[in-house]
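Worksheet for the structure shown next.
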Amino acid sequence: MSHVSNKKIANLLFEIADLLELKGVQFKPRAYRRAAQNISTLSKDIKRFYEEKKLQDIEGVGESIAEKLEEIIETGDLEYLNDLRKDFPEGLQEMMNIQGLGPKSLMKFYEELGLDSVDHLEEAAKNGEIRKLEGFGKTSEKNILENLERYRKYKKRFILGEILPIAKNLEKQLSNHEDVKRVNLAGSIRRRKETIGDVDILAVSSNPKKIMDYFTNLPEIERVVSKGITKSTVIAQENLHIDLRVIEEESFGSALQYFTGSKEHNIELRTLASDKEWKLSEYGLIDMKTTKTIAGKEEKEIYNSLGLDYIVPELRENRGEIQAAKSGDLPDLIKKGDIVGDLHVHTNWSDGSQSIDEIVQTAQNMGYKYLAICDHAKSLQIADGLNDSEIKKQMSEISKLDKIYKSITVFSGIEANIDKKGKLDVRKNILKDLDIVIGSIHSGFKLSEKEMTNRIVNAMHNDYITLLGHPTGRLLNQRESYNLDLNKIFEIAEKLELVLELNAYPQRLDLNDINCFNSRDYNFLISINTDAHTKDGLKNMDLGVSTARRGWLDKGKVLNTKSLEDLKKHLNL
DNA sequence: GCCGTTTTCGGCCCGACTGTTTTCAGTCG
Ligand SMILES: Nc1nc2c(ncn2[C@H]2C[C@H](O)[C@@H](COP(=O)(O)OP(=O)(O)OP(=O)(O)O)O2)c(=O)[nH]1
Ligand SMILES: [Mg+2]
Ligand SMILES: [Mg+2]
Ligand SMILES: [Zn+2]
């Protein structure tokens, strides 16, 4: 018996899907991907399902995949995958990532020219060997070389918080055009996914040709990938791809629904439609018998006509939202306006850039009723952490300020570091006088799952800790979560009535959406904190709330939706 | 390979754009 994580198993299934696609097998790739997707978001270790003989309870897992899962869990290996790998060199799988190249082209290159790696492909394209194949020409070679170069240079997805302002600016530029009646961001940005592959924009106009000309000639556009009457793709700086879809007013709802996705959500909806002998596309919901349009102008009509409650974009990931919408069981999601305060911000007392006064002022202007100053404690030397006497000094400064500001309450706090043994780096007789104590890990990430979990559980048992900061430690595009039994942390949080953070810093979003989703099985609260190091940082609260919404959270699950009075009661302040 | 308040077998979302093609396959959204 070997231990293989859910994520690893999911990746094996994704790989099978890719290889089957190369092989030209139909439908199975989707089946494997669906199973893989569901396994990767499972809250429990897949071993549990195995032990209870319930593998087939996992959506998308039937007899055949269940058997394969058993083999992986028992032996750590899978014969079926090993055999597939023998037929297709690794390079082929890698080449699938190059834009414009799919299984058909790559297999042709492999079988007729023996191309089995990106390097070989480049060579062949440069030497004019590709154009000798039927169905390919000079332009194919030129495109391959260009896309191959981009593939080598750019591999990462964009971070939502970094791309949103750029996307909103593009949205504005388009809406400024006199022939554009309406514009909307769509795709993963509208669903507020934590990372973004490209910017998808929908525009309404009855003069699409003019819009496309305007769009593809915007100054920031480096390259036009494709340009048509209703759809164009361009590339801006840093390889930022932008897809623009232009449609008529009467299709706005169905087009926005289509372009917002997710793909899996779309397929599910379209299947529902076809069950009723209707057809759903970006052009509308159409009755196939009468060819009459049932809905199309507004998104809500589409959902309602299909017998569903309206589903907000953040939920459209095919994680059960369609079933819930059918039975009227969609959650009453937390909203931006439900947030009453921020319980984790920094100042220039440690590594923040603004004074306490400045950030309190900003928070008050945002309408917040409370704010907790939680600068780093001393052991975080790179962040100029506070020692005991500085903490004391800051506390008295904060209490002075608190008296001056009438409409906002300022709490004294600290972001203490959790050391390797799970102890906080601030003495208890200091901690006892602070309102908010955050415990966070900022070093020593490389522990075993057991060691790391114990370390955090120890910290959670500290008498004065209020909340656990960025619980998994992941940094988008930089660092994976530490090895951690998050369910154990959830259990302890419930037992000790401890709060876990949803850190809204754009690179963190930690807990993430899936973690939030799974946290609903446990009875503890989450605090959405910005961890702001600048005044602007307070605005990241929106990202945190979006993440919570993607995790199906309602306001009852979130600490900082409580009124000042209720918050104090809850934290015994 | 999976799945079913119409199915346990026969389906599996639907459409735009490109390059190379005289009518469409491949790839992508
Ligand atoms: N019906 C249908 N819609 C699709 C398909 N592929 C993409 N879409 C729709 C849903 C997507 O959200 C939307 C934009 O496509 P993208 O490839 O940009 O995906 P998305 O933005 O969701 O994710 P991304 O962060 O860009 O990788 O187009 C598909 O195969 N079928
Ligand atoms: Mg996209
Ligand atoms: Mg796109
Ligand atoms: Zn912090």
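Since the structure is predicted, the reported quantities are computational estimates derived from the model, not experimental observations. So you know, we letter chains A, B, ... as the sequences are listed, proteins then strands, and number each from 1.
When the side-chain nitrogen and oxygen atoms of A/Ser105 are compared with OP1 and OP2 of B/dT27, one or more of them lie within a distance under 4.0 Å. Here A/Thr230 reaches the OP1 or OP2 of B/dC17: one of its side-chain N or O atoms lies under 4.0 Å away. Between B/dG15 and A/Lys279, a contact under 4.0 Å exists linking OP1 or OP2 to a side-chain N or O. Distances shorter than 4.0 Å separate some side-chain N or O of A/Lys68 from OP1 or OP2 on B/dG1. Of the side-chain N and O atoms in A/Lys231, none sit less than 4.0 angstrom from OP1 or OP2 of B/dA16. Here A/Asn266 does not reach the OP1 or OP2 of B/dC14: none of its side-chain N or O atoms lies under 4.0 Å away. Taking 4.0 angstrom as the limit, A/Thr233 places none of its side-chain polar atoms (N or O) nearer than this to OP1 or OP2 of B/dC28. In terms of phosphate contacts, A/Ser226 brings no side-chain nitrogen or oxygen within less than 4.0 Å of OP1 or OP2 of B/dC17.
To the nearest angstrom, P of B/dG29 lies 17 Å from CG of A/Leu185. For the pair A/Asp275 CG and B/dG11 P, the computed distance is 14 Å after rounding to whole Å. Look at CG on A/Leu22: it is 14 Å from P on B/dG26, rounded to the nearest Å. Between A/Glu277 atom CD and B/dT6 atom P there is a gap of 12 Å when expressed in whole angstrom units. Computed from coordinates, the A/Asn318 CG to B/dC2 P distance equals 17 Å when rounded to whole Å. The nearest whole Å value for the distance from the CG atom in A/Leu306 to the P atom in B/dC13 is 15 Å. Between the NZ atom of A/Lys104 and the P atom of B/dC24 there is a distance of 18 Å, rounded to whole Å. Straight-line distance from the CG atom of A/Asp243 to the P atom of B/dC17: 12 Å, rounded to whole Å.
Remark: the A/Asn487 side chain and the A/Tyr522 side chain contain an N/O donor-acceptor pair separated by less than 3.5 Å. A donor-acceptor contact under 3.5 angstrom links the side chains of A/Gln257 and A/Asn266, judged on distance only. For A/Glu59 and A/Gln37, the side-chain atoms include no donor-acceptor pair closer than 3.5 Å. Side-chain contact, A/Glu299 with A/Tyr310: a donor N or O sits under 3.5 Å from an acceptor N or O. Checking A/Asp513 against A/Thr547 by side-chain atom types alone, no donor-acceptor pair falls below 3.5 Å. At a cut-off of 3.5 Å, with distance as the only test, a side-chain donor of A/Asp510 or A/Thr472 sits close to an acceptor on the other residue.
Using atom C1' as the reference point in both B/dG26 and B/dT21, the two lie 12 Å apart (nearest Å). Comparing B/dT7 with B/dG11, their P atoms are spaced 15 Å from each other, to the whole Å. Separating the P atom of B/dC9 from that of B/dG19 is a span of 47 Å, rounded to the nearest Å. For the P atoms, the distance from B/dT23 to B/dC28 is 25 Å, rounded to whole Å. Using atom C1' as the reference point in both B/dT8 and B/dC2, the two lie 12 Å apart (nearest Å). One P atom belongs to B/dC13, the other to B/dG4, and the distance between them is 15 Å to the nearest Å. Here the separation of B/dT20 from B/dA25, taken at their C1' atoms, is 10 Å to the nearest Å.
Comparing A/Ser274 and A/Gly62 against DNA chain B, the residue whose closest nucleotide sits nearer the 5' end is A/Gly62. Checking A/Glu141 against A/Gln56, the closest nucleotide of DNA chain B that is more toward the 5' end is the one next to A/Gln56.
Nearest nucleotide to the A/Ser281 side chain, out of B/dG19, B/dG15, B/dG1: B/dG15. Nearest nucleotide to the A/Glu282 side chain, out of B/dA16, B/dG1, B/dT27: B/dA16. The side chain of A/Tyr283 lies closest to B/dG15, out of B/dT20, B/dT27, B/dG15. Of the candidates B/dA16, B/dC12, B/dG1, B/dC12 carries the atom nearest the A/Arg30 side chain, counting heavy atoms from C-beta on. Relative to the side chain of A/Thr139, the nucleotides B/dT20, B/dG1, B/dG15 differ in distance, and B/dT20 lies closest.
Within the model, atoms CD1 of A/Ile294 and CD1 of A/Ile286 stand 8.5 Å from one another, a figure rounded to the nearest 0.5 Å.
Residue contacts shown for A/Val25 are absent, as no nucleic acid heavy atom lies under 4.0 Å away. Residue contacts shown for A/Glu268 are absent, as no nucleic acid heavy atom lies under 4.0 Å away. Residue contacts shown for A/Leu269 are absent, as no nucleic acid heavy atom lies under 4.0 Å away. Within the 4.0 angstrom heavy-atom criterion, only backbone atoms of the sugar-phosphate kind lie near A/Ile65; the bases stay farther away. Within 4.0 Å (heavy atoms only), A/Pro29 reaches no atom of the nucleic acid at all. Contacts of A/Lys28 with the nucleic acid, taken as non-hydrogen atoms under 4.0 Å apart, include base atoms. A/Gln99 comes within 4.0 angstrom of the backbone, heavy atoms only, and of no base. Nucleic acid contact for A/Lys138: sugar-phosphate only, since backbone atoms but no base atoms lie under 4.0 Å from a heavy atom of the residue.
Judged by atom type and distance alone, A/Arg270 reaches the base of B/dC14 through a side-chain donor-acceptor pair under 3.5 Å. One N or O donor and one acceptor, one from the side chain of A/Tyr258 and one from the base of B/dG29, sit under 3.5 Å apart.
Residue A/Phe27 and nucleotide B/dC2 are not classified as a stacked aromatic pair, given the requirement of ring centres less than 5.5 Å apart at an interplanar angle below 30°.
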May I have the step-by-step check of side chain to side chain contact (heavy atoms under 4.5 Å, CB included) for A/Leu185 and A/Lys168, ending in yes or no? CA-CA 8 Å; A/Leu185 293 177; A/Lys168 283 180 175 163; 4.2 Å; yes
Evaluate A/Thr195 against A/Lys156 for side-chain hydrogen bond (donor to acceptor under 3.5 Å, both in side chains), listing each step before the verdict. CA-CA 9 Å; A/Thr195 63; A/Lys156 288 178 177 168; over 6 Å; no
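Across all strands shown, B/dT8 has no partner, as no Watson-Crick or G-U wobble contact with both distances under 3.5 Å is found.
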